[in-house]
Protein chains: 2
Amino acid sequence: MEWLNAEEKEAWTGLISLVLLLPGRLEAPLQQDAGLSLFDYLVLSHVSEAPDRRMRMSELAHLANGSLSRLSNVVKRFEQRGWVVRFPDPDDGRYTIASLTDEGFEVVKAAAPTHLRTVRQFVLDPLTATDRQALTRIAAKLKVTIPPA
Amino acid sequence: MEWLNAEEKEAWTGLISLVLLLPGRLEAPLQQDAGLSLFDYLVLSHVSEAPDRRMRMSELAHLANGSLSRLSNVVKRFEQRGWVVRFPDPDDGRYTIASLTDEGFEVVKAAAPTHLRTVRQFVLDPLTATDRQALTRIAAKLKVTIPPA
DNA sequence: TCCAATGACTTCACGCGTGAAGTCAACCTA
DNA sequence: TAGGTTGACTTCACGCGTGAAGTCATTGGA
């Protein structure tokens with residue numbers, strides 16, 4: 001990384017470490033306790049908070065920060081485990097609705113406390129309120145929309 | 001994500017998006033132009049900047065923010081393509097040294113300008129100097145060391 | 001009314017990351 | 001100097017993500 005001044009290089013190096021190491025850190029406890037990946041948890045968690053615990057696949061993919069293809073694979077596994085059912089949207093057959101089963105809801109409910117503790121421990125607690133606001137601002141500026149595919 | 005107040009939730013949501021979407025954004029141009037993953041590039045780039053363009057595997061893994069196992073697999077592929085050679089450290093046979101070949105050096109040199117442009121476009125340019133300093137500070141606070149394995 | 005276009009998925013082959021188990025060199029201790 | 005220990009890798013099986021290609025429902029012209 002030549003051609004960056006010291007300040008730029010520090011920011012870049014810090015960001016890269018964050019982006020490469022944090023997911024593993026946040027995922028380990030989930031994987032251990034519930035056999036879920038971080039993305040798995042985000043998906044389940046978002047459906048569980050939706051009205052009637054159901055949501056269109058495309059909206060869910062966007063909320064969970066993943067591609068539709070990735071979500072489709074994940075939801076297929078969930079369906080095989082009985083955590084979710086899929087059916088075409090009655091209002092427009094082009095959409096698919098993913099609906100959380102009671103069993104699926106139990107899975108999120110069981111995983112949530114552990115996950116929340118992890119998030120606090122590794123992300124929220126080490127930061128001051130000022131840091132958290134700066135993080136929000138920075139993330140918004142760097143936010144990118146999901147590509148097609 | 002219940003049980004977080006609004007400020008915490010914003011920070012967490014922003015961070016998660018960053019962490020899940022940025023790698024893909026940064027990697028796409030590298031993959032397109034040079035057939036390299038982001039981690040591939042970091043590895044090559046760090047060896048290329050080391051004295052004599054060689055470095056111990058464990059040090060390289062740490063610099064590139066990856067596990068030794070991951071690095072070992074990557075370097076094996078590099079070796080098959082003739083970009084790197086490996087040999088035991090003459091000073092201490094327990095270490096392995098990875099050494100960049102001329103061909104490997106050409107690969108990094110060719111990929112660097114594109115990558116640098118990507119980093120500026122998606123990370124550095126959207127941020128003010130204040131943002132970048134805040135990012136450095138935040139990343140330092142969230143920094144975690146690589147786990148064993 | 002038909003058919004091309006659009007867009008929401010789904011599938012599959014390929015390549016990569018993970019983590020457990022194995023190998024090996026140097027060190028330590030009796 | 002033998003045997004145990006440590007730590008630096010390496011390997012492999014497994015599961016997951018990617019992106020291209022395919023399917024299908026709906027829409028908007030001609």
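Predicted model only: the values in this text are computed from it and were never measured. Within every chain, numbering begins at 1; the chains are lettered A, B, ... in the order of the sequence lines, protein sequences first and strands thereafter.
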### Query
Would you say the side-chain atoms of A/Arg132 pair up with the backbone N or O of A/Leu127, donor to acceptor, closer than 3.5 Å?
yes
### A/Thr96 side chain near C/dA8 phosphate (N/O to OP1/OP2, under 4.0 Å)
no
### Query
Which comes earlier along DNA chain D counting from the 5' end, the contact point of A/Asp92 or that of A/Asp40, where each point is its nearest nucleotide?
A/Asp40
### Summary
To the nearest angstrom, the CZ-P distance between B/Arg70 and D/dG17 comes to 14 Å
### Query
Expressed in angstrom and rounded to an integer, what is the separation of B/Arg77 atom CZ from C/dC16 atom C1'?
6 Å
### Query
Base, sugar-phosphate alone, or nothing: which one does B/Ser72 contact when heavy atoms must sit under 4.0 Å apart?
base
### Query
Phosphate oxygens OP1/OP2 of C/dT10: is one of them under 4.0 Å from a side-chain N or O of A/Arg86?
yes
### Task
Quickly work out the B/Leu68 CG to C/dT18 P distance and round it to whole Å.
12 Å
### Message
So, taking the atom named CG in B/Leu135 and the one named CZ in A/Arg137, what distance separates them when rounded to the nearest 0.5 Å?
### Response
10.5 Å
### Query
When you check the phosphate oxygens OP1 and OP2 of C/dC9, does a side-chain N or O of A/Ser58 lie under 4.0 Å from one of them?
yes
### Query
Between A/Leu20 (CG) and C/dT18 (C1'), how many Å, whole number?
15 Å
### Closest-nucleotide 5' rank along DNA chain D - winner of B/Met57 and B/Ala28
B/Met57
### Query
What integer distance in Å separates B/His62:NE2 from D/dG7:C1'?
16 Å
### Query
Taking CZ from B/Arg94 and C1' from D/dA8, how many angstroms apart are they, rounded to a whole number?
8 Å
### Message
With side-chain contact (heavy atoms from CB on, under 4.5 Å) as the test, pick out the partner of B/Ile16 among A/Leu42, A/Val119, A/Val123.
### Response
A/Leu42
### Query
Looking only at N and O atoms, is any donor in the side chain of A/Ser69 or the base of C/dT11 less than 3.5 Å from an acceptor on the other one?
yes
### Message
Measure NZ/A/Lys76 against C1'/D/dC16 and give the value in whole Å, please.
### Response
12 Å
### Query
Pick from B/Val108, B/Val84, B/Leu60: which one makes a side-chain contact (heavy atoms from CB on, under 4.5 Å) with B/Val43?
B/Leu60
### Integer-rounded Å distance: D/dC16 C1' and A/Leu38 CG
14 Å
### Message
Can you confirm whether more than 12 heavy atoms, excluding those of B/Asp125, are under 6.0 Å from its CG atom?
### Response
yes
### Message
Under 4.0 Å, heavy atoms only, any strand: does A/Asn73 hit a base, just the sugar-phosphate, or nothing?
### Response
base
